[in-house]
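What follows is a short report on a single structure.
Protein chains get the first letters and strands the later ones, always in sequence-line order, with residue 1 at the start of each. Because the structure is predicted, anything quoted here is derived from the model rather than measured. Just so you know, these numbers use all the heavy atoms, side chains as well, and skip hydrogens, waters and symmetry mates.
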There are 2 protein chains.
Amino acid sequence: MDTASSPKALRKTLHDRGMRMTPQRQLVLDAVRDLGHATPEQICQRVQATAPTVNITTVYRTLDLLDRLGMVRHTHLGHGAPTYSVDEHEHVHLVCHKCGRVDEAPCDLLTPVAGTLRREFGFELDASHLALSGTCRDCLKENDQ
Amino acid sequence: MDTASSPKALRKTLHDRGMRMTPQRQLVLDAVRDLGHATPEQICQRVQATAPTVNITTVYRTLDLLDRLGMVRHTHLGHGAPTYSVDEHEHVHLVCHKCGRVDEAPCDLLTPVAGTLRREFGFELDASHLALSGTCRDCLKENDQ
DNA sequence: CTGCGTGCAAAATATTTGCAGACAG
DNA sequence: CTGTCTGCAAATATTTTGCACGCAG
């Protein structure tokens, strides 16, 4: 088996478009996979743990590249910084606007809504690109006290 | 009738908390109401059409204040800048990630989903705070051509 | 070799903070 | 009058861009 984020897959995708394979690109892809959802800043720190000279600029450029290649995707979790994750396990993000915690829910949660939107608005929903915001279990409990 | 964004309502809300009514605060609230969804930058321009000396700093501070007072709310539409709107007509935002267009859908679209989230995740959904992203009617059409 | 990709510095953008004066109450 | 609010300038944070060198192919 050969996952989408393996060195081979990355090399092939890049070469198919006349682009080059570099250690930096592999490190960024690895970091995105390992961290789950992470901001460019966090990804950069992770990469620098292995290769301290890699510049934040390169991280931004590489994330942008990998996003356009479809190898990672970015999600707007709310407050500000977008977070990046590998495209593998699709899910909806649930962001608590009180404590900032991010949970995940299965994507098909929104399937009925997606159908309604398509029918009534001609709008093709991309469920995993944005988060749903609200209040999480724990913060709700705190309010009750 | 006395809407939530009327000068009187604003004055009262402020006074109840020992805060002061100022022309700047009324102008910002008016701009938010008139513009629908707008970024701090756009709101500032609108305010400056009437009062050119009002500073962007004041707009940021006032938006933050009005948000905490519950007189406006902010929504993360995706790409970057949050947008502010009055709390009156609740709706879900549909953002096209291709052309950037923002449509609105009735909030109760998500009522069934909100129920599922509450039951299965203990998560209380706040539907109007975030946007759903996808591809709008027009951009879908373009893809077909 | 050739030129794409990188690191560095600096620019562009977005938002926040410190402080002295203005003015609401 | 008193203390909050504002405007200005500068600090911070975030992301982008220009350029010369290094390395992938």
Side-chain angles (χ1 to χ4, degrees), chain A residues 7-8 10-32 37-45 47-48 50-69 71-72 74-84 100, chain B residues 7-8 10-32 37-45 47-48 50-69 71-72 74-84 100:
Chain A
K8 275 191 187 171
L10 177 56
R11 166 163 253 123
K12 180 172 191 320
T13 307
L14 289 169
H15 278 208
D16 286 352
R17 317 206 182 194
M19 300 174 139
R20 291 177 183 174
M21 174 66 162
T22 67
Q24 288 89 336
R25 287 175 175 175
Q26 186 60 48
L27 285 167
V28 169
L29 182 52
D30 289 346
V32 171
H37 331 100
T39 61
E41 190 66 31
Q42 294 170 317
I43 291 163
C44 186
Q45 283 181 15
V47 169
Q48 289 181 338
T50 306
T53 65
V54 172
N55 196 279
I56 180 86
T57 304
T58 300
V59 174
Y60 276 107
R61 283 192 282 225
T62 304
L63 287 172
D64 188 58
L65 175 71
L66 295 176
D67 201 348
R68 277 181 288 118
L69 292 177
M71 304 193 72
V72 307
H74 70 275
T75 306
H76 299 280
L77 253 34
H79 47 289
T83 64
Y84 288 78
Chain B
K8 275 191 189 172
L10 177 56
R11 166 164 255 124
K12 179 171 190 323
T13 306
L14 289 169
H15 278 208
D16 286 352
R17 317 208 181 190
M19 302 175 138
R20 294 177 181 174
M21 175 65 163
T22 66
Q24 288 89 335
R25 288 175 174 174
Q26 185 60 48
L27 284 167
V28 168
L29 182 53
D30 289 346
V32 171
H37 335 96
T39 62
E41 189 67 32
Q42 293 170 318
I43 291 163
C44 186
Q45 283 182 13
V47 169
Q48 289 180 339
T50 306
T53 65
V54 173
N55 196 279
I56 181 86
T57 304
T58 300
V59 174
Y60 276 108
R61 284 192 281 226
T62 304
L63 286 173
D64 188 56
L65 174 70
L66 295 176
D67 202 348
R68 278 181 288 118
L69 293 178
M71 304 194 71
V72 306
H74 70 275
T75 306
H76 298 280
L77 254 34
H79 48 289
T83 63
Y84 289 78

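Rounded to whole Å, atom C1' of C:dG25 lies 15 Å from atom CG of B:D16. Rounded to whole Å, atom C1' of D:dT14 lies 14 Å from atom CG of A:L63. To the nearest angstrom, P of D:dC5 lies 16 Å from CG of B:L29. Between the NE2 atom of B:H74 and the C1' atom of C:dT15 there is a distance of 14 Å, given to the nearest Å. Separating the CG atom of B:L10 from the P atom of C:dA24 is a distance of 14 Å, rounded to the nearest angstrom. Rounding to whole angstrom units, CG of residue B:L14 and C1' of D:dC5 are separated by 11 Å. Taking atom NZ of B:K12 as the reference point, atom C1' of C:dG25 lies 17 Å away to the nearest angstrom. Rounded to an integer number of Å, the gap from CZ of B:R68 to C1' of D:dC5 is 13 Å.
Taking 4.0 angstrom as the limit, B:N55 places none of its side-chain polar atoms (N or O) nearer than this to OP1 or OP2 of D:dT6. The phosphate of C:dC23 (OP1 or OP2) has no side-chain N or O of B:Q24 nearer than 4.0 angstrom. Close to D:dG7, at under 4.0 Å from its OP1 or OP2, lies a side-chain N or O of B:T58.
Put simply, OG1 on A:T62 and CE on A:M71 are 12.0 Å apart, with the number rounded to the nearest 0.5 Å. Between the CD atom of A:E41 and the OG1 atom of A:T83 there is a distance of 14.0 Å, given to the nearest 0.5 Å. The CG atom of B:N55 lies 8.0 Å from the CZ atom of B:R61; values are rounded to the nearest 0.5 Å. Note that the CG atom of A:L69 and the CZ atom of A:R17 stand 5.0 Å from one another [nearest 0.5 Å]. Rounding to the nearest 0.5 Å places CG of A:D30 at 11.5 Å from CD1 of A:I43.
Under the 3.5 Å distance criterion, the side-chain polar atoms of B:Q26 are left unmatched by any main-chain donor or acceptor of B:P23.
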Provide a list of protein-nucleic acid N or O atom pairs under 3.5 angstrom, restricted to nucleotides 11-14 of chain C.
none

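Among the candidates B:Q42, B:H74, B:H37, the single residue satisfying the side-chain contact (heavy atoms from CB on, under 4.5 Å) test with B:Y84 is B:H74.
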Apply the test side chain to side chain contact (heavy atoms under 4.5 Å, CB included) to residues A:L63 and A:V32: give CA-CA distance (whole Å), side-chain angles for both, the deciding distance (0.1 Å), then the verdict. CA-CA 9 Å; A:L63 287 172; A:V32 171; 3.7 Å; yes
A correct 5'-to-3' footprint of nucleotides 19-25 of chain D, with B, S and - meaning base, sugar-phosphate only and no protein heavy atom under 4.0 Å, is -----BS
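Taking the side-chain contact (heavy atoms from CB on, under 4.5 Å) definition, one finds that A:T22 meets it with A:Q24, A:R25, sequence neighbours left out.
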